[in-house]
Amino acid sequence: MSTRQDITDLEPSELETALADLGAKPFHAGQIYHWIYRHALTKFSGMTDLSIELRERLTQEFKIPTPSIVSREESTDGTIKFLLRLEDGLQIETVFIPDTPAMTLCVSTQGGCAMRCDFCLTGKMGLARNLTAGEIAVQVRMLAHELALTNRSFNIVLMGMGEPLHNYDQTMKALRILAADCGLAVSPRRMTLSTVGVLPALERLATEPLMPNLAVSLHATTEELRDRLVPVNRKYGLADLIAACRRFPVKRRARITFEYVLLAGVNDSATDARRLAKLLKGVRAKVNVIPLNEAPGIPYHRPTDVRINTFARTLAEQQVTVS
């Protein structure tokens with residue numbers, strides 16, 4: 001692996017400081033960001049509005065790592081799952097979901113995951129390592145170019161491999177990099193962070209100047225069941241999580257999304273739905289009902305369509321917004 005510094009790990013202000021050490025002007029940081037994020041350049045030699053001397057210095061001091069695409073699997077609905085190989089060989093997944101109604105990139109923040117949710121294949125892998133800010137942001141940079149989204153509006157959802165709040169500093173740094181005006185300029189309104197509820201980090205998130213939308217992976221309406229399905233609940237319980245959500249500074253006209261994976265015969269009854277509605281009372285909330293995507297190694301099954309629709313209809317009858 002190269003000993004040169006990864007330039008994609010730097011926010012614009014950090015890049016300005018690094019460039020000053022090379023005798024370059026601060027405005028060059030914006031030019032470099034533009035080449036990397038708007039044009040997906042991976043070599044400094046192609047940055048033609050920089051002097052040849054500066055391009056040579058950049059090549060000596062920095063690198064622009066870009067993953068290789070190991071595989072690309074497309075579903076009948078247009079969803080595409082990319083398996084990417086990073087510089088050290090670690091493989092991560094990034095998913096493109098079209099027409100949601102905007103285009104959405106589902107991005108990983110860790111290689112594997114330490115949360116070990118009982119119905120999740122990634123959780124059964126364990127955690128290999130945290131991703132750097134550059135490795136998180138490169139998924140967006142690379143696929144925006146690959147899918148011709150650079151000049152279109154699209155959403156970013158931190159809902160791939162890993163728990164974003166378990167890799168807090170690098171995750172938030174990646175969001176600031178992606179929001180930079182000189183780069184992709186993704187609005188925070190188009191960013192959503194999904195978490196199982198790591199409470200100290202969730203409370204820290206509530207103070208951030210750059211505030212993504214919040215989605216909470218809930219999946220159960222009792223402490224006992226959530227302890228089994230989402231083991232982190234044994235440390236940060238359901239009651240405390242909901243209390244933190246009530247305090248969370250939700251943007252005007254926005255809501256916290258509560259993700260609820262339906263598992264046949266486990267958490268999918270009308271009683272569960274009524275208990276969920278009661279639990280969320282007083283929270284500016286909407287519930288995303290997600291039928292389980294069955295896979296070998298997951299000891300649960302997808303409910304019937306009738307069961308799914310009854311659950312969603314019961315929530316709606318309790319005045320809960322459902323998708």
Give a yes or no on whether the backbone of [Y] and the side-chain of [X] come within a donor-acceptor separation of less than 3.5 Å.
| X | Y | value |
| --- | --- | --- |
| N309 | D305 | yes |
| R72 | I80 | no |
| R129 | G111 | no |
| T171 | P164 | yes |
| R176 | L210 | no |
| T207 | E203 | no |
| E16 | A29 | no |
| S108 | Q110 | no |
| E223 | A239 | yes |
| R284 | K251 | yes |

Heavy-atom count around [X] [atom1] within 6.0 Å, excluding the residue itself: above 12?
| X | atom1 | answer |
| --- | --- | --- |
| H28 | NE2 | yes |
| K124 | NZ | yes |
| N293 | CG | no |
| R234 | CZ | yes |
| E317 | CD | yes |
| E224 | CD | no |

From [atom1] ([X]) to [atom2] ([Y]), nearest 0.5 Å:
| X | Y | atom1 | atom2 | value |
| --- | --- | --- | --- | --- |
| L86 | E135 | CG | CD | 5.0 Å |
| F258 | L241 | CZ | CG | 7.0 Å |
| Q91 | S68 | CD | OG | 8.0 Å |
| I136 | L178 | CD1 | CG | 9.0 Å |
| S269 | L276 | OG | CG | 10.5 Å |
| I308 | D268 | CD1 | CG | 8.5 Å |

By the definition side-chain contact (heavy atoms from CB on, under 4.5 Å), identify the one residue from [options] that meets it with [X].
| X | options | value |
| --- | --- | --- |
| Y260 | V287, I290, V216, L315 | V287 |
| L193 | L202, N213, L165 | L165 |
| K63 | L58, D6, T3, T8 | D6 |

Before giving the answer on side chain to side chain contact (heavy atoms under 4.5 Å, CB included), spell out for V232 and E163 the whole-Å C-alpha distance, their side-chain angles and the decisive distance to 0.1 Å.
-> CA-CA 11 Å; V232 74; E163 162 56 56; over 6 Å; no

Heavy-atom closest contact (F82 atom, L147 atom, distance) =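 Between these two residues, the closest heavy atoms are CZ-CD2, 4.1 Å.
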
Are V157 and F248 connected in a single hydrophobic cluster, I mean Ile/Leu/Val/Met/Phe/Trp/Tyr linked by side-chain heavy atoms less than 4.5 Å apart?
->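 F248 does not cluster with V157.
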
Check whether M159 and L214 end up in the same hydrophobic cluster, where Ile, Leu, Val, Met, Phe, Trp and Tyr are linked by side-chain heavy atoms less than 4.5 Å apart.
->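 No, separate clusters.
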
Anything under 30° is parallel, anything over 60° is perpendicular, the rest tilted; go ahead and classify H34 against H39.
->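 Geometry flag for H39 against H34: perpendicular rings.
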
Classify the side-chain pair Q170/T132 by whether it contains a donor and acceptor separated by less than 3.5 Å.
->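 No donor-acceptor contact under 3.5 Å links the two side chains.
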
With a 3.5 Å cut-off and no angle check, do the side chains of R228 and N233 form a donor-acceptor pair?
->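 There is no such pair between these side chains.
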
